[in-house]
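Notes follow once the structure below has been shown.
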2 protein chains.
Amino acid sequence: MLPFARVSIIGLGLIGSSIARAVRAHMPTVALAGYDASADVRDAASALGLTDDIADSAGAAVTDADLVILCVPVGAMAGVAAEIAGDLPADAVVSDVGSSKAGVAKALAEALPGATIIPAHPVAGTENSGPEAGFASLFHDRYCILTPAEGADRLAVARLADFWTRLGARVETMEAGHHDLVLAVTSHLPHLIAYTIVGTASDLEAVTRSEVIKYSAGGFRDFTRIAASDPTMWRDVFLANKDAVLEMLQRFSEDLSALQRAIRWGDGDALFDLFTRTRAVRRSIIEEGQDDSRPDFGRLHD
Amino acid sequence: MLPFARVSIIGLGLIGSSIARAVRAHMPTVALAGYDASADVRDAASALGLTDDIADSAGAAVTDADLVILCVPVGAMAGVAAEIAGDLPADAVVSDVGSSKAGVAKALAEALPGATIIPAHPVAGTENSGPEAGFASLFHDRYCILTPAEGADRLAVARLADFWTRLGARVETMEAGHHDLVLAVTSHLPHLIAYTIVGTASDLEAVTRSEVIKYSAGGFRDFTRIAASDPTMWRDVFLANKDAVLEMLQRFSEDLSALQRAIRWGDGDALFDLFTRTRAVRRSIIEEGQDDSRPDFGRLHD
């Protein structure tokens, strides 16, 4: 038996449209409704046939749903939740895909008193945005973290876990605050660093922009992929997960200072020790199936 | 007419073995000699048939060469140059593939007085090391930067440029000091940052190593590829290009502090402005043919 029969997706960008495609691929009998605040995105979603129905408002998209997934930037969650509050069926499960969870959980609980809310975060994506960028296999073998509040409806958690498992994801459950700390390291800090270094490289006087572009294969280009991610989404993440991000950033800065000192004083052993230690981390990630085992991410070399 | 007839490669790791394979592919009549300080690498190179001959010493490898390419970590360049000094034919061109150039140029000039030295740096590589990791198309469409000293033999520069062009590279000429500044941004700083963040993530108490691995698809895994690069090579680069690296690191740290402040004070506009600006850099890199245009570097999603 399918965990949900009528799924409503609010926000049809990379993640929302990928969920729609994955539901079509793995649960083709599920009725899909969709909505996006942008008329252009709604038109594109219609043209792509992402959902059976594209509604004219968030409220109209959820009237018949047994699962509603909010796929909007975390700063927009409270507003969207307020928009659907009057139309949400009493027995519907409400979830989301936000990259930070404690703040979103609070916002949803306030906007939707009495609703069954199970926040979630599929740890997956690409640097591209919009309904055209999505694809059905985006969640395949990626983790989806559920952060139910204490005392949350166990059946609803199990149904949502079943839903994500069917989309190909590996489901884990975690306390929202711990999620925010873990993702601050594995996702938010890397994005912050990548955005920063790309900005730094763009602002030099002694090195031209054209030189930065031409010689980017030395390593820089890797950072530009992440730094091409959606600006609205990421602004919201840093504002929403401020404390954990600042904490991780402080640790990173301390470690960077130590390395800076090692370079200044010519301490080759300290550099060599760190560079040896970090190699093992990549091996573990590949063994765990979380990255492509081919060299250079499988980039084409011909 | 081929630019060189007898090429000797000293150091048969990722870069040296890729040059050997590329010469075989594009200039099959060239006689190839090779040497590596490690007996294991020499055996592997023999088994792979990388060169026509594997010598027992660096000197023996160059006796008959008209081009010698030193493919060893930059800290080992002076020692290798001293080893070949007594056997180097008077008319041979000596080059290298080091990631920093001013220091290497000085070391080679001192160890090989009177020799024709044209330093070079092919801006290409993967995270893998060793003779098995090389492949013939590594330099295809990548830049190779020549940094001839003032007054260098123009014919030798032209022949070396021809050589690298035949291997598929785009050749540019640059002053060594400027090269070191440019590469500090496009390569050395990115490596330093990647090594640091992977170290930071490995040392947390509140987040387990297993969590860092499992949820790395949020961005962190991108950094682990670079942080899996050869430790000896990179230790040497940071020590050799200290001034430029420290200068770029200082600028990066200032920019990171500004972003940290924007997060702390909830300045969403400052974040959004930077995140919008950095998107354009990736587009330029793809247009310039320096990265894969496919989303997520072309990673497999199935």
Side-chain angles (χ1 to χ4, degrees), chain A residues 123 126 128 137 142 181-182 185-187 190-191 195-196 198-201 206-207 211 213 215-222 224 226-228 231 234-235 238 249 251-252 255-256 259-260 263 268 271-272 274-276 278-279 281-282 284-285 288 290-292 295-302, chain B residues 123 126 128 137 142 181-182 185-187 190-191 195-196 198-201 206-207 211 213 215-221 224 226-228 231 234-235 238 242 249 251-252 255-256 259-260 263 268 271-272 274-276 278-279 281-282 284-285 288 290-292 295-302:
Chain A
V123 185
T126 77
N128 294 342
S137 59
R142 295 288 85 80
L181 203 62
V182 172
V185 190
T186 63
S187 180
H191 276 77
Y195 279 123
T196 304
V198 175
T200 304
V207 177
E211 287 172 326
I213 303 295
Y215 309 118
S216 60
F220 179 70
R221 63 178 179 169
D222 280 30
T224 62
I226 286 186
W234 283 99
R235 176 200 61 196
F238 294 121
L249 188 51
R251 286 166 179 266
F252 170 80
D255 293 347
L256 192 61
L259 223 51
Q260 183 170 8
I263 293 173
L271 300 176
F272 187 83
L274 173 66
F275 301 173
T276 306
T278 51
R279 248 186 167 178
V281 175
R282 180 147 190 92
S284 302
I285 287 176
E288 165 71 21
Q290 293 306 303
D291 208 345
D292 207 311
D296 214 8
F297 302 123
R299 277 180 175 119
L300 297 175
H301 280 273
D302 273 313
Chain B
V123 185
T126 77
N128 294 341
S137 59
R142 295 287 86 79
L181 204 61
V182 172
V185 190
T186 63
S187 180
H191 276 78
Y195 279 123
T196 305
V198 175
T200 304
V207 178
E211 286 172 327
I213 304 294
Y215 309 118
S216 60
F220 178 69
R221 62 178 180 170
T224 62
I226 287 187
W234 283 99
R235 175 200 61 197
F238 294 121
K242 179 165 86 169
L249 189 50
R251 287 167 179 265
F252 170 80
D255 292 346
L256 192 60
L259 222 52
Q260 182 170 7
I263 292 173
L271 300 176
F272 188 83
L274 172 66
F275 301 171
T276 306
T278 52
R279 249 188 165 175
V281 175
R282 179 146 190 93
S284 302
I285 287 176
E288 165 71 21
Q290 293 306 303
D291 208 344
D292 208 311
D296 213 8
F297 303 123
R299 277 182 176 119
L300 297 174
H301 279 272
D302 273 313

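Each chain gets a letter, A, B and so on, in the order its sequence line appears, and its residues count up from 1.
No other option in Ala201(B), Gly268(B), Gly298(B), Gly199(B) has as many heavy-atom pairs under 4.5 Å with chain A as Gly268(B). Of the listed residues Ile263(B), Val281(B), Leu274(B), Val185(B), the one with more heavy-atom pairs under 4.5 angstrom with chain A than any other is Ile263(B). No other option in Arg251(B), Glu288(B), His191(B) has as many heavy-atom pairs under 4.5 Å with chain A as Arg251(B). Counting heavy-atom pairs closer than 4.5 Å to chain A, the top-ranked of the candidates Val207(B), Leu271(B), Asn128(B) is Val207(B). For the set Ile226(A), Ile213(A), Val123(A), the count of heavy-atom pairs under 4.5 angstrom toward chain B peaks at Ile213(A). For the set Thr276(B), Asp255(B), Leu181(B), Thr126(B), the entry with the most heavy-atom pairs within less than 4.5 Å of chain A is Asp255(B). Chosen from Arg235(B), Arg299(B), Gln260(B), the residue pairing most often with chain A at heavy-atom distances under 4.5 Å is Arg299(B).
Side-chain contact check for Thr224(B) versus Thr278(A): every heavy-atom pair is 4.5 Å or farther apart. In this structure, the side chains of Trp234(A) and Ser187(A) come closer than 4.5 Å at one or more pairs of heavy atoms.
Heavy atoms of Glu211(B) lying under 4.5 Å from chain A belong to its backbone as well as its side chain. When heavy atoms are compared at a cutoff of 4.5 Å, His301(A) approaches chain B by way of both its backbone and its side chain. Heavy atoms of Leu249(B) lying under 4.5 Å from chain A belong exclusively to its side chain. With a threshold of 4.5 angstrom between heavy atoms, Gln290(A) approaches chain B through its backbone and through its side chain. Interface residue Leu259(A): only side-chain heavy atoms are found under 4.5 Å from chain B.
Atom OG1 of residue Thr196(A) and atom CZ of residue Phe275(B) lie 7.5 Å apart, to the nearest 0.5 angstrom. To the nearest 0.5 Å, atoms CG (Asp292(B)) and CD1 (Ile285(B)) are separated by 13.0 Å. The distance from the CG atom of Asp296(A) to the CZ atom of Phe297(B) is 8.5 Å, given to the nearest 0.5 Å.
Aromatic ring orientation, Tyr195(A) versus Phe238(A): perpendicular (interplanar angle above 60°, classes split at 30° and 60°).
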Next item on the list: Go through Arg221(B) and Ser216(B) one step at a time and tell me if the side chain to side chain donor-acceptor pair (under 3.5 Å) criterion holds.
Entry: CA-CA 5 Å; Arg221(B) 62 178 180 170; Ser216(B) 60; 5.8 Å; no

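At distances below 3.5 Å, at least one donor-acceptor pair connects side-chain atoms of Thr186(B) with backbone N or O atoms of Tyr215(A).
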